[in-house]
Amino acid sequence: MSSWSHRHILDLSTFSLEDFNIVLELANRFKALPKTGTRKLPALQGRLITTLFFEPSTRTRSSFELAAKRLSADVQSFSPNSSSISKGETPIDTALTYIGMGADVLVVRHSSTNVPRQLVQYLEANGSEAAILNAGDGLHSHPSQGLLDLYTLARFFNPKEPLTESIKGKKVVIVGDILHSRVARSNLWALTACGASVALCGPPTLVPQEFEDFVKAPPPGQGQDPIKKRGTITVFRSLKDACKNADAVITLRLQKERMQENLLTDLEQYHNEYGITHENLKWCNKSAPVLHPGPVNRGIELSSALLEDASKCLVSEQVSNGIPIRMSLLYLLATH
Ligand code: CP
């Protein structure tokens with residue numbers, strides 16, 4: 001683990017293949033722990049993990065908190081509705097308050113893109129040792145979700161050795177509201193790093209053609225791309241065309257809360273064209289599974305019958321894998 005170099009985790013565009021494999025290998029070890037009779041490790045005893053969620057969450061917040069407890073860390077939660085945010089306190093002042101109480105890692109979710117980055121800049125300028133772990137910022141990035149999706153796919157393709165090599169050459173379809181999805185952006189950096197070819201599918205209002213160039217250059221302000229040769233991204237309008245020869249499908253929630261204008265007029269028509277069901281999953285390669293980061297709009301992006309079919313749908317597996325992935329991230333940030 002000596003080659004781990006990230007002080008904070010804001011985005012997967014900065015991850016090398018080695019970084020991905022460090023996280024996946026560690027997650028695999030944590031995932032295997034219950035089989036050895038061990039549920040809890042003393043690894044982060046005495047460390048303080050603070051979850052600062054300025055935006056709602058069920059899965060991410062709970063699994064970060066459980067991951068921290070499984071590593072014996074102390075956990076502090078913050079809830080904006082019962083906090084001094086209502087008195088005008090800013091996110092940075094809120095974070096500084098928790099750092100003043102000794103937080104080693106702040107897990108931050110905010111509806112505004114780049115709030116976690118602004119926190120990093122502020123903390124580094126002021127010599128703070130605390131680490132920031134982005135738990136989802138606006139449309140920008142959701143790195144722990146991108147990593148747990150990668151791990152879930154790697155385990156599906158190669159249960160014995162679920163590392164980046166397991167993803168190489170696979171075709172993964174991402175269907176739905178790519179435009180408003182920080183999960184899709186993190187999936188794109190992770191999957192193309194591992195050499196997958198990604199088919200993006202949806203109407204032009206939700207999947208602009210420019211997404212084909214998304215990983216062609218690192219984000220502004222970032223140096224060289226740490227990945228020498230990334231997989232490709234291709235945009236499809238027809239689900240049947242996108243699914244041809246596909247090895248897996250990731251479908252995404254329609255994020256109505258982030259839509260500035262009404263981009264969809266007919267949800268039934270959307271489901272008919274882009275909703276994933278048992279019938280259209282058959283357009284993919286045999287045994288291709290469907291994933292969804294949750295929360296799901298049942299009957300819109302995914303049929304209820306498919307959501308409840310664990311032989312085809314990996315949603316429960318994703319939720320379960322979120323814990324070892326988040327244990328890995330907290331361990332790496334709190335101990336390096
Ligand atoms: N996938 C995800 O981020 O879910 P939550 O909003 O419930 O955390």
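In each ligand, atom 1 is the first atom listed, and ligand 1 is the first ligand listed.
- In this structure, G294 is part of the shell of residues with a heavy atom less than 4.0 angstrom from ligand 1.
- Note on ligand 1: E55 sits outside its first shell, no heavy atom being nearer than 4.0 Å.
- With hydrogens left out, the protein atom closest to atom 6 (O) of ligand 1 is R109 NH1, 2.9 Å, a heavy atom.
- Residues D309 and K312 are not paired through a salt bridge, judged by the lack of any N-O separation under 4.0 Å between the basic side chain and the carboxylate.
- Checking side-chain atoms of D177 against main-chain N and O of H180 turns up a donor-acceptor pair under 3.5 Å.
- Per-residue contacts place T58 under 4.0 angstrom from the following atoms of ligand 1 (heavy atoms of the residue considered): 5 (P), 7 (O), 8 (O).
- Here is the list of ligand 1 atoms found below 4.0 Å of a heavy atom in T60: 2 (C), 3 (O), 4 (O), 5 (P), 8 (O).
- Remark: R155 qualifies as a cation-pi partner of Y151 under the 6.0 Å distance and 45° angle criteria applied to the six-membered ring.
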- Task: Before giving the answer on ring pair (Phe, Tyr, Trp, His ring centres under 6.0 Å), spell out for F15 and W4 the whole-Å C-alpha distance, their side-chain angles and the decisive distance to 0.1 Å.
- Result: CA-CA 10 Å; F15 269 43; W4 181 259; 5.8 Å; yes

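- Looking at R59 next to ligand 1, an N or O pair under 3.5 Å apart turns up.
- Under the 4.0 Å criterion applied to side-chain N and carboxylate O atoms, E65 and R59 are not assigned as salt-bridge partners.
- The residue R182 has no part lying near ligand 1, judged by heavy-atom distances below 4.0 Å.
- Checking only distances, P293 does come within under 3.5 Å of ligand 1, N or O to N or O.
- A tilted orientation is assigned to the rings of F54 and H110, their planes being inclined by 30° to 60°.
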